[in-house]
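First the structure, in the form of structure tokens, and then the observations on it.
Residue indices begin at 1 and follow the sequence shown. Values below: all heavy atoms of this structure, side chains included; hydrogens, waters and symmetry mates excluded.
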Amino acid sequence: MSPHRRGEKPRRPWLAVWLAVMVLCAAAGCRGGMPEAPPGTGEAAEPESPAYVFGIIYPFAHPLYEWITRQAEETAKKHRVKLMVKAPDEAHLEQQIRMMETLIKQGVDGIAIAPVDSDALVPIINHAVESGIPVICFESDAPRSQRMAFIGTDNLISGRVLADRLADLLGDNSMVILESGISRMHSLQKRLEGFLSYIDERSEIRVLNVRYHEGDDQTALADLEIMTENHPHFDALIALDPISVSSSILFWKAKGLKQYLLAFGLTPEVREAVRNGQITHVVSQGESRWGSLIVHTLLQMRNGEKVDKYQDTGTMIYDRDEKMGWPFFE
């Protein structure tokens, strides 16, 4: 006689196995049919502490400096360096001084700064160095300070390079207007000096007007409006700093101007303006290397290695037809 009652379905062996598995899972705290990992194995690892903390202080907020920061961050990640990046909304001496003071109090391992006023920032740069914090300048120098290195180019030469190309482009008896940035900034002083000295020595080109926006983009646009209205027969505009360049690109688009536009600083924005013919010539000062050099130079200093006090990133001039191996124009 069968051990099962009539009408009763026999129990399947798999049912008993399934029930046993469910009991074991419940006891083990299963989730989704998988056993829970041992305590701690699924937790995120503690972030590794940085080897060094470096501060970077820009003259003002601008896409050029965002671009340089991205380069610096790529290098910093490879060396476990944390970056503290600061930039005034507009060029402001007191803000740069406060930013330096903050970084000194925080005890960072190195500072890179592009001073808006080379002489006025000497005391705070010296204070940082005397406190044991290496300080380097980039783009614009503070040669009277105790800064330990400068990364950039000879702005006197770069001004003369652009003036030479302008003279070839226009010839004598031409008229130009210039828009510059912060009047107390060492790099712009030397850039303008180089440009004007070459024009005076080597050509008959007339400089009709030089204006300074002092770090304000609205002032730069207003300056361009005034100069082009007062001197409608000008032949070229020279834009000496990042804000002047950005403002000039917008102004040329809005007004549909056909005069020559020559600029300083090869950035992605400027690259596009060169490609579409808005900018006639641009002087590059090796901006694509600044971010990496800032991090490497401060690392060398912290590691007790010798560094060059002047790291020349070069002066190169480009137009739409002159590729010369520059990666933006490939």
Side-chain angles (χ1 to χ4, degrees), residues 47-92 95-96 99-100 102-103 106 108-116 134-141 149-153 181 185 187 215 217 239 241-247 249-250 263-276 279 282-302 307 311-316 318 325-330:
E48 192 175 18
S49 60
Y52 296 109
V53 178
F54 296 152
I56 301 177
I57 302 177
Y58 295 117
F60 43 78
H62 189 273
L64 166 65
Y65 302 122
E66 294 172 7
W67 182 54
I68 293 169
T69 297
R70 289 195 294 272
Q71 302 160 16
E73 287 174 342
E74 289 176 7
T75 304
K77 286 177 184 177
K78 299 174 184 176
H79 299 278
R80 287 177 49 219
V81 170
K82 178 182 177 181
L83 297 180
M84 301 182 67
V85 180
K86 299 180 178 293
D89 293 333
E90 297 179 1
H92 202 284
Q95 285 191 37
Q96 275 202 322
M99 289 171 180
M100 283 285 291
T102 298
L103 292 174
Q106 291 174 335
V108 297
D109 299 297
I111 299 172
I113 183 171
V116 297
V135 177
I136 62 175
C137 293
F138 66 96
E139 183 184 17
S140 188
D141 200 5
F150 170 65
I151 296 170
T153 191
M185 200 164 178
S187 58
D217 53 0
D241 82 302
I243 289 179
S244 298
V245 176
S246 298
S247 300
I249 292 172
L250 291 174
F264 281 85
L266 186 57
T267 65
E269 175 194 31
V270 173
R271 169 201 61 190
E272 191 61 32
V274 172
R275 281 177 171 168
N276 64 32
I279 292 181
V282 57
V283 171
S284 167
Q285 300 175 306
E287 299 88 355
S288 64
R289 300 172 54 203
W290 289 353
S292 178
L293 282 172
I294 285 169
V295 176
H296 279 303
T297 302
L298 289 174
L299 275 172
Q300 288 177 299
M301 290 178 174
R302 292 308 315 185
V307 301
Q311 300 185 33
D312 188 356
T313 53
T315 297
M316 297 158 284
Y318 301 94
W326 189 251
F328 280 151
F329 294 82
E330 292 177 351

[X] pairs by side chain to side chain contact (heavy atoms under 4.5 Å, CB included) with which of [options]?
{"X": "Leu298", "options": "Leu293, Ile136, Val307", "result": "Ile136"}
{"X": "Ile113", "options": "Cys137, Ser140, Pro59", "result": "Cys137"}
{"X": "Glu73", "options": "Ile68, Ile56, Leu83", "result": "Leu83"}

Looking at [X] and [Y], what are the two nearest heavy atoms and their distance?
{"X": "Ala91", "Y": "Gly215", "answer": "CB-CA, 3.9 Å"}
{"X": "Pro134", "Y": "Arg302", "answer": "CD-NH1, 3.3 Å"}
{"X": "Ser288", "Y": "Gln71", "answer": "O-OE1, 3.0 Å"}
{"X": "Ala87", "Y": "Ala61", "answer": "CB-N, 4.0 Å"}
{"X": "Val295", "Y": "Phe54", "answer": "O-CE1, 3.9 Å"}
{"X": "Asp89", "Y": "Gln95", "answer": "N-OE1, 4.1 Å"}

- Message: When you measure from the side chain of Arg80 to the backbone of Ser49, do you find a donor-acceptor pair of N or O atoms at a distance under 3.5 Å?
- Response: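 Between the backbone of Ser49 and the side chain of Arg80 there is a qualifying donor-acceptor contact (under 3.5 Å).
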- Query: Under 3.5 Å, side chain of Thr313 to main-chain N/O of Gln285, donor-acceptor pair present?
  - Reply: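 Yes, the answer is positive, given that a donor and an acceptor are paired below the 3.5 Å cut-off.
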If you round to the nearest 0.5 Å, how far is [atom2] of [Y] from [atom1] of [X]?
{"X": "His296", "Y": "Lys78", "atom1": "NE2", "atom2": "NZ", "answer": "7.0 Å"}
{"X": "Glu287", "Y": "Thr267", "atom1": "CD", "atom2": "OG1", "answer": "8.0 Å"}
{"X": "Thr315", "Y": "Phe264", "atom1": "OG1", "atom2": "CZ", "answer": "8.5 Å"}
{"X": "Ile294", "Y": "Ile111", "atom1": "CD1", "atom2": "CD1", "answer": "12.5 Å"}
{"X": "Trp290", "Y": "Tyr65", "atom1": "CH2", "atom2": "OH", "answer": "7.0 Å"}
{"X": "Tyr52", "Y": "His79", "atom1": "OH", "atom2": "NE2", "answer": "11.5 Å"}

Any Asp241 side-chain heavy atom under 4.5 Å of Met185 side chain: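 Heavy-atom side-chain distance check fails, nothing below 4.5 Å.
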Taking the side chain as everything from C-beta on, heavy atoms only, tell me whether Met84 gets closer than 4.5 Å to Gln106.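 Side chain of Met84 against side chain of Gln106, heavy atoms only: contact under 4.5 Å found.
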Item checked: Residue pair Leu266, Tyr318: steps toward the side chain to side chain contact (heavy atoms under 4.5 Å, CB included) verdict -> CA-CA 9 Å; Leu266 186 57; Tyr318 301 94; 4.2 Å; yes
Checklist line | No-hydrogen, no-angle side-chain donor-acceptor test under 3.5 Å, Glu269 and Ser246 | finding: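 Per modelled atom types, Glu269 and Ser246 side chains form a pair under 3.5 Å.
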ask   = Between Thr75 and Val81, is a side chain to side chain contact (heavy atoms under 4.5 Å, CB included) present by the stated rule, with each step listed?
value = CA-CA 8 Å; Thr75 304; Val81 170; over 6 Å; no
Handout entry: Crowding at NZ, Lys82 (>12 non-hydrogen neighbours, <6.0 Å)
Key =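 No.
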